[in-house]
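Worksheet: the structure to be examined is printed underneath.
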Amino acid sequence: PEMKAAEEMRKTEGNPLALVMRMRAVTEKEPGNALAWLWRGQAEATAGDFGSAWDSLTKAVDLDPCDPYARVTRAGLAEKAGRLRVAYED
């Protein structure tokens with residue numbers, strides 16, 4: 001139910017801070033949910049919390065290293081931060 005509610009919030013593109021809070025609650029309840037960590041990282045990046053976004057995206061990649069979307073999202077964040085070598089490695 002939490003992921004479904006988060007998905008609806010993502011579709012409406014409402015308040016990014018509300019989505020961050022929702023995704024933090026989801027990842028607390030489901031720490032092994034790679035998709036939840038990905039969505040959390042995206043929400044944190046949208047809200048401007050790039051350090052937390054990096055950590056969340058790294059957790060998503062750690063949980064599912066074969067997920068190309070998580071890797072590309074993290075690489076994009078690294079590129080924006082000027083960490084080109086890290087972006088290239090993803």
Side-chain angles (χ1 to χ4, degrees):
E2 290 288 325
M3 285 296 285
K4 184 150 182 73
E7 184 176 17
E8 289 302 316
M9 288 178 78
R10 287 174 43 116
K11 287 179 184 176
T12 60
E13 296 183 29
N15 181 348
L17 293 177
L19 183 56
V20 167
M21 298 306 295
R22 163 97 45 188
M23 294 316 304
R24 287 181 178 169
V26 171
T27 54
E28 188 173 305
K29 291 178 186 173
E30 302 177 40
N33 186 334
L35 181 60
W37 284 101
L38 171 63
W39 288 3
R40 175 178 166 166
Q42 291 171 326
E44 289 166 337
T46 299
D49 188 354
F50 300 113
S52 294
W54 178 262
D55 293 343
S56 295
L57 293 169
T58 297
K59 181 73 172 178
V61 170
D62 289 347
L63 288 169
D64 188 359
C66 295
D67 181 357
Y69 194 63
R71 287 189 171 278
V72 167
T73 303
R74 186 174 71 169
L77 187 61
E79 182 181 28
K80 287 180 183 176
R83 300 169 67 184
L84 300 181
R85 181 176 212 77
V86 174
Y88 178 75
E89 290 171 358
D90 262 345

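The shown structure was predicted, so the numbers you read here are calculated from the model rather than taken from an experiment. Reckoned from all heavy atoms, side chains included, excluding hydrogens, waters and symmetry mates.
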(message) Could you report the tightest heavy-atom contact between A53 and G41, atom names first, then the distance?
(response)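 What the structure gives for the nearest pair is CB-O, 3.3 Å.
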(request) Return the set of residues passing side chain to side chain contact (heavy atoms under 4.5 Å, CB included) with A36 (not counting sequence neighbours), or none when no residue passes. (result)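 For A36 the side chain to side chain contact (heavy atoms under 4.5 Å, CB included) partners, ignoring immediate neighbours, are M3, M23, V26, T27, N33.
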(request) For T46, check side chain to side chain contact (heavy atoms under 4.5 Å, CB included) against everything at least two apart and list the hits. (result)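 For T46 the side chain to side chain contact (heavy atoms under 4.5 Å, CB included) partners, ignoring immediate neighbours, are P16.
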(message) Going by salt bridge (charged side-chain N to carboxylate O under 4.0 Å, His left out), name the pairs with one or both residues in residues 31-45, residues two or more places apart or in two chains.
(response)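 Non-adjacent pairs meeting salt bridge (charged side-chain N to carboxylate O under 4.0 Å, His left out): R24-E44, R40-E44.
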(message) Do W39 and L19 land in one hydrophobic cluster if side-chain heavy atoms of ILVMFWY residues count as linked below 4.5 Å?
(response)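 Linked within one cluster.
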(request) Determine, using the 4.5 Å side-chain heavy-atom cutoff (strictly less than), whether V61 and V72 are members of one ILVMFWY cluster. (result)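 Shared cluster, no.
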If we only count heavy atoms from C-beta on, is the [X] to [Y] side-chain gap below 4.5 Å?
{"X": "L38", "Y": "L35", "value": "yes"}
{"X": "P65", "Y": "R71", "value": "yes"}
{"X": "D49", "Y": "V20", "value": "no"}
{"X": "Y69", "Y": "Q42", "value": "yes"}

Excluding sequence neighbours, so at least two apart, what forms side-chain hydrogen bond (donor to acceptor under 3.5 Å, both in side chains) with [X]?
{"X": "D64", "answer": "none"}
{"X": "T73", "answer": "none"}
{"X": "E79", "answer": "none"}

(message) Using only atom types and a distance under 3.5 Å, with no angle test, would you say the side chain of W37 pairs donor to acceptor with the backbone of P31?
(response)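 Judged by distance alone, yes, a pair lies under 3.5 Å.
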(request) Report yes or no: does R74 contribute a side-chain atom to a donor-acceptor pair with the main-chain N or O of W54 at less than 3.5 Å? (result)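 Answer holds: no.
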